[in-house]
Chemist: 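Right, I'll just put the structure down here and ask away after.
Each residue takes its place number in the sequence, starting with 1. Every number for a ligand or one of its atoms is a count from 1 in the order of the listing.
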Amino acid sequence: MRAYEAVIGLEVHVQLATDSKLFCSCHNKFGQQPNTNVCEICLGLPGALPMPNQQAIHYATLVGLATNCHINQSSVFARKNYFYPDLPSGYQISQFDLPLCEHGFLMINVQGQEKKIGITRIHMENDAGKNIHSTTENVSYVDLNRAGTPLVEIVSEPDMRSAEEAVAYLKMLYGIVTYLGVCDGNMEEGSFRCDANVSIRPKGSLTLGTRTELKNVNSFRNVQRAIEVEIARQQDLLDDGDEVIQETRLYDANKNITASMRSKEEAHDYRYFPDPDLLPIEISNETLEKWRQEIPELPRPRMQRFMELTGLPEAEAEILVQNRELADFFETAAKLANPKKVANYILGPMSRIANNNHLDLKPSNWTMSPESLAQLIKIVDKGTISAKIANDIFEDLLTSGETPEAYIESHKLAQISDSSEIEKIVDEIIAKNPKEAADLKGGKTKLVGFFVGQVMRQTKGKANPAVVNDLLKQKLGF
Ligand code: ADP
Ligand code: MG
Ligand code: ZN
């Protein structure tokens, strides 16, 4: 068996979260009755003229700026001609030789190794509709609500060498488009989807092997698995003396295999030409500068800042920045209470509750505010409740939206620090356990734990441990 090296390049389609579609004023909305969200332009009726959506150009440019691309201030829409039932005009409006963005890159980190992944181009295009194949009748339907919705396609260089690197790149990109707010990030609804191009070559070889393209793999986990099984399949072929055929393949997550879908088209099959209905997109220096200023702090620098703030290792700080909402939540709370403790609540109980309920770690899944989390930490620091009680009530606080102060008050959870109240209980317990009391007095100090435990049990954990200790010392003189 020879040693091979995998080569991977990704094409990522990002649905832009604009108000309207790319070339008409239909709403850009998911989940409506089939064929109700359409007009003569997105239906591709003869004579209807497209009008470019400024917000889509704005959003696409932000993606280019955030991925270190050169922005072509004059770029051109081109027709990509092909026939498919979900494409009524017979062509997709895309960009070809003059795309909006080119020559970018992203830095990824895999197992402590920094690596630069090149971005060849980012272009704008409109999406097609959807074919729906009935499972009960021998019939297919077409829903054109999605036709004309705005996409950017982000094409990487073939710079990745493992499934792990591909997923790291993809997650980085996902973080960027959701931080920018240009994509809702909903992968199940297809707002962020990826085609993976995979080839292998003998280790050390400089020429590229024949690639296959895995279509529309719709979760990070499936991207990882699809690439892994495709690499293994190609290795088996080469080891058996067979060839890899350039083709489009589909990943079947249930069987964990890839299967041939169709042979691959070449660019010249599409007969690209500039769309005569649309002028070039021109972006002035002023506009470009203004848009550049809008780029927020992106996940990677933010993660580095959080690492300094909390002393957490990268793997954990990465969790805090995985979506902007969570990073904002952390940051607001960390301004009001100890940042490390805030992080601990998010990485500990909050993650656990999310997992148990199959929810993303997104604060909007619950009602607790960052101010409430900070308040909880301060209440524990003050000793009003113990850390254990704070953990016990955390899920209630998360889902009820009650402030910790109000919750502790209404559930009578505040620690008892009033020594006369605790003294009564201590006396009772000493009276009930005369032998142990005598032993402790006689120097068997490990019995302190027994007495403290009894008091805690009686008070449901609410007695102030310091006060309990003092009282025991006073009474039993150990
Ligand atoms: P197409 O539309 O024909 O798929 P694109 O240029 O849009 O072509 O995308 C090609 C993608 O495939 C890029 O991400 C590129 O990096 C990647 N790629 C090209 N050749 C190979 C190869 N031999 N192995 C792996 N990936 C490749
Ligand atoms: Mg492709
Ligand atoms: Zn329309």
Chemist: Looking only at non-hydrogen atoms, which of E213, R211, R201 approaches atom 8 (O) of ligand 1 most closely?
Modeler: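 Closest candidate by heavy-atom distance is R211.
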
Chemist: Check each atom of ligand 1 against the heavy atoms of V155 and keep those under 4.0 Å away; list them by number with element.
Modeler: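 Those of ligand 1 that fall under 4.0 Å from V155 are 9 (O), 13 (C), 14 (O).
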
Chemist: Using a 4.0 Å cutoff against the non-hydrogen atoms of P158, which atoms of ligand 1 qualify?
Modeler: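 Going through ligand 1 atom by atom, the ones under 4.0 Å from P158 are 16 (O), 26 (N), 27 (C).
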
Chemist: List ligand 1 atoms under 4.0 Å from S199, heavy atoms only on the residue side.
Modeler: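 Selected atoms, number and element: 22 (C), 23 (N), 24 (N), 25 (C).
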
Chemist: Around Q33, counting heavy atoms of other residues, nucleotides and ligands shown, do more than 12 lie under 6.0 Å from its CD?
Modeler: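 It does not: Q33 CD has 12 such atoms or fewer within range.
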
Chemist: Does Y91 have R79 sitting over its ring (NZ/CZ under 6.0 Å from centre, angle to axis within 45°)?
Modeler: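 That pair qualifies as a cation-pi contact.
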
Chemist: Within ligand 1, which atoms have a heavy atom of V7 less than 4.0 Å away?
Modeler: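 That gives atoms 24 (N), 25 (C) of ligand 1.
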
Chemist: Decide yes or no on ring pair (Phe, Tyr, Trp, His ring centres under 6.0 Å) for F220 and Y174, but give the supporting numbers first.
Modeler: CA-CA 10 Å; F220 294 122; Y174 183 86; 5.6 Å; yes

Chemist: Could you name each residue pair satisfying ring-ring contact (aromatic ring centres under 6.0 Å, His included) that touches residues 280-306, not counting sequence neighbours?
Modeler: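 Only H58-W291, F306-F330 qualify under ring-ring contact (aromatic ring centres under 6.0 Å, His included).
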
Chemist: Indicate the atoms forming the closest heavy-atom contact of T258 with A226, along with that distance.
Modeler: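 Distance-wise, the nearest heavy atoms are CG2-O, 4.1 Å.
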
Chemist: Please determine if K116 forms a cation-pi arrangement with F105, meaning its NZ or CZ atom is less than 6.0 Å from the six-membered ring centre and no more than 45° off the ring axis.
Modeler: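 Yes, a cation-pi geometry.
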
Chemist: Mind listing the protein N/O/S atoms less than 2.8 Å away from the Zn ion (ligand 3)? Waters don't count.
Modeler: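 Per the 2.8 Å query on the Zn ion (ligand 3), atoms found are C24 SG, C26 SG, C39 SG, C42 SG.
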
Chemist: Mark yes when over 12 heavy atoms from residues, nucleotides or ligands other than Y84 sit less than 6.0 Å from its OH; otherwise mark no.
Modeler: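 Atom OH in Y84 is not packed in, count stays at 12 or less.
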
Chemist: Is it possible for you to check whether K203 lies under 6.0 Å from the centre of the six-membered ring of Y4, through NZ or CZ, and within 45° of that ring's axis?
Modeler: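 Checked: cation-pi criterion not met.
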
Chemist: Which ligand 1 atoms are under 4.0 Å away from a heavy-atom of L10?
Modeler: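 This gives 14 (O) as the contact atoms.
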
Chemist: At under 4.0 Å between heavy atoms, which part of T210 makes contact with ligand 1: side chain, backbone, both or neither?
Modeler: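 It is neither part, as no heavy atom is under 4.0 Å.
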
Chemist: Answer yes or no: are there more than 12 heavy-atom neighbours, outside R161 itself, under 6.0 Å from its atom CZ?
Modeler: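 Enclosed: over 12 neighbouring heavy atoms sit under 6.0 Å from CZ of R161.
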
Chemist: What closest approach, in Å, do G209 and S199 show between heavy atoms, and which atom pair accounts for it?
Modeler: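 Nearest pair, atom of G209 first, then S199: O-CB, 3.6 Å.
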
Chemist: N/O to N/O below 3.5 Å, does that happen between G209 and ligand 1?
Modeler: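 In this structure, G209 places an N or O atom under 3.5 Å from an N or O of ligand 1.
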
